[in-house]
> 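Encoded as structure tokens, here's the structure I'll be asking about.
The figures that follow rest on heavy atoms only: side chains count, while hydrogens, waters and symmetry mates do not.
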Amino acid sequence: MLVKRAKPRFASRAVWLGKRQSMERELLGKKPDPKRRQCWSTTTVTLILFLITNTTSILLSSGAGASLIRRYEPRTVRIWDDSGALIADLNATRSALESSRAELAGLHARLGTATLLLQTLLADVVTAARASDDQQKQAATGWWARELAGELKLAVGNVAAAGEAALGHACGRFQDELERYMDYKPGGECPSDAALEHLLMRGGCEPLPRRRCRPRSPARYVEPAPLPKSLWTMPPDTSVVWDAYHPCKNYSCLASHGFGFGFDLRGRREKGLWTRDDGALVYSVEKALAAKPKGTVRIGLDMGGGGGTFAARMSERGVTVVTATTNAGAPFGSFVASRGLVPIHVGPAHRLPFFDGTLDVVHAAGELMAGWMVPGDSMALEFALFDVYRVLRPGGLFWLDHFVFPGAQLNATYAPMLERVGFRKLRWNAGRKLDGGAKKNEWYLSALLERPMT
């Protein structure tokens, strides 16, 4: 069965196309409706306003608005429209934006202040933590490069617990040597380490810590000679352990070498010391004691006393003098003790171990400059002189014996220094030191000084 197609409304295609073109020309020539144009303009403006408002809100809520607000100042938008509602809406939005900008600026300022405060607090916390760590390290090691152990730790810790220092502060610079010094078997025999002990004390490590060991006694030890014979009797070689001393291993060797001035008790020079007075540089014990009422010079100190001959001369006159010496290459301390005198081991920079105002006399021989002071260091000498003044009683004597100095320094340095310390001159003699050679221009000073009574 055949289906017939519907015929077009127009009889022919040409007629249909002509009608269509005619309709299009009619439409194109028709003017737009002004109401529809106005409607389209209002919708467009409303859409733009909606987009601006929402975009601003998004920026403000995301935190990026503050920078944009600072970068772009809002301006009053003028839209020529019959309705004033849009203008009012835009002005209200502008006011809201300005309020938000002010609020964000305030928040930004408060945030900056809070950040600075937080940084300060964190810095304080870090500093306190570091200080606490430093204190803990200091408590654990003190002056030391590493933590103490063994006998050294016991010796230092037990005394420190009682509130007293067990050894000198300078020992911290000699931890290796001090650990070697304290390396021994408790209750056994002490190492033969007199040279190490001397090295530590000369370096300022004094007092040394105590040790729980026994020093070795010399083989074939014999009793010393009785007083007063012992003052001028050479002690036996068996009174000393000679391990620490080189090259000499007996007193005869010392007397024949460079130490002869202290150990040669049979020689004429040692027996003649301080027995005569030449009215110049050489003073005698008798003349020096005559400067004070008889019997009032009773106890004293000989600084750098060598073998103890000055103390022996004073002992013959009833005056007890302690000899400060060190075992520098030879057993000076043992030699002094064998003569029936009192040696004391004091380093050159050590404060004198006597109470204030207790001694009647202090004698300082030429070793004061060479052995007790840094050569040429006048400030170190001044400290030493004030310490001498301290231990002397009012009216006590300071006997400066053959002090060596550069010739130009007597009136420029040393005489004013003694006056600053406060000594009063009882006797004063200076003379050229000829054995050093004319080019050196060295001089001697011998003086008998007194600490004033008031």
Side-chain angles (χ1 to χ4, degrees), residues 222-240 250-252 254-278 281-292 294-346 352-354 359-368 371-372 388 391-392 396-403 446 448:
V222 296
E223 292 286 341
L227 280 170
K229 182 181 179 181
S230 64
L231 294 176
W232 300 103
T233 300
M234 285 292 295
D237 294 333
T238 56
S239 63
V240 178
N250 53 65
Y251 283 121
S252 299
L254 292 175
S256 61
H257 286 74
F259 299 99
F261 289 166
F263 295 103
D264 188 12
L265 298 184
R266 301 185 183 92
R268 295 179 56 185
R269 180 189 181 280
E270 200 72 22
K271 288 187 175 181
L273 290 175
W274 299 289
T275 59
R276 65 183 185 88
D277 194 308
D278 65 358
L281 291 170
V282 180
Y283 296 1
S284 68
V285 169
E286 294 293 342
K287 286 288 186 71
L289 293 178
K292 304 300 294 182
K294 187 175 182 180
T296 59
V297 178
R298 305 151 300 163
I299 56 175
L301 167 68
D302 185 19
M303 299 171 64
T309 296
F310 179 83
R313 287 296 180 206
M314 298 294 280
S315 178
E316 291 174 337
R317 289 153 180 83
V319 181
T320 301
V321 170
V322 174
T323 301
T325 187
T326 59
N327 289 342
F332 285 98
S334 298
F335 187 78
V336 171
S338 70
R339 300 176 71 178
L341 305 169
V342 182
I344 184 171
H345 196 170
V346 180
L352 296 176
F354 299 98
L359 301 184
D360 299 313
V361 61
V362 173
H363 176 262
E367 288 84 354
L368 178 67
W372 285 70
V388 170
V391 299
L392 283 174
L397 298 176
F398 178 37
W399 183 346
L400 193 58
D401 193 353
H402 285 78
F403 174 67
S446 292
L448 191 62

> Can you tell me how far the CG atom of D401 sits from the CE atom of M303, to the nearest 0.5 Å?
13.0 Å

> Side chain to side chain contact (heavy atoms under 4.5 Å, CB included) between K287 and L448: does it pass, once the steps are laid out?
CA-CA 10 Å; K287 286 288 186 71; L448 191 62; over 6 Å; no

> Where do D237 and N250 come nearest, in terms of heavy atoms and distance?
OD2-CB, 3.1 Å

> Quick check against the 3.5 Å criterion: does T233 have a side-chain atom that pairs as donor or acceptor with the backbone of K229?
yes

> Taking all non-hydrogen atoms of both residues, which atom of T323 and which atom of G308 are closest, and how far apart?
OG1-CA, 4.1 Å

> Pairs in or reaching into residues 317-339: which pass salt bridge (Lys or Arg N to Asp or Glu O under 4.0 Å), with residues at least two apart or in two chains?
E286-R317

> Nearest 0.5 Å please: distance from the OG1 atom of T296 over to the CG atom of L289.
8.5 Å

> Of all heavy-atom pairs between G307 and F332, which one has the smallest distance, and what is that distance?
N-CD2, 4.1 Å

> Taking L341 as the fixed residue, which of V321, L231, L227 is the one that meets the side chain to side chain contact (heavy atoms under 4.5 Å, CB included) rule?
L231

> Could you state the interatomic distance from CD1 (I299) to CZ (F354), rounded to the nearest 0.5 Å?
8.5 Å

> How far apart are the closest heavy atoms of Y283 and D277, and which atoms are they?
CA-OD2, 3.5 Å

> Report yes or no: does S256 contribute a side-chain atom to a donor-acceptor pair with the main-chain N or O of S252 at less than 3.5 Å?
yes

> Look up atom CG in L352 and atom CG in L359, then write down how far apart they are to the nearest 0.5 Å.
8.0 Å

> For the side chain to side chain contact (heavy atoms under 4.5 Å, CB included) test, which of V240, D264, L265 pairs with Y251?
V240

> Compare every heavy atom of W399 with every heavy atom of A288, then report the nearest pair and how far apart it is.
CB-CZ3, 3.5 Å

> Classify the angle between the aromatic ring planes of H363 and F310 as parallel (below 30°), tilted (30 to 60°) or perpendicular (above 60°).
parallel

> Check whether N327 reaches the backbone of G333 with its side chain - one donor and one acceptor, N or O, closer than 3.5 Å.
yes

> Measuring from atom CD of E223 to atom OG of S230, what distance do you get when rounded to the nearest 0.5 angstrom?
12.0 Å

> Check whether S315 reaches the backbone of A312 with its side chain - one donor and one acceptor, N or O, closer than 3.5 Å.
no

> For a quick test of reading the model, state the closest non-hydrogen atom pair linking T325 to G306 and the distance between them.
OG1-O, 3.8 Å

> Please check if the side chain of S446 supplies one atom and the backbone of H402 the other of a donor-acceptor pair under 3.5 Å.
yes

> Could you tell me whether a side-chain N or O of R298 sits under 3.5 Å from a main-chain N or O of D360, the two making a donor and an acceptor?
no

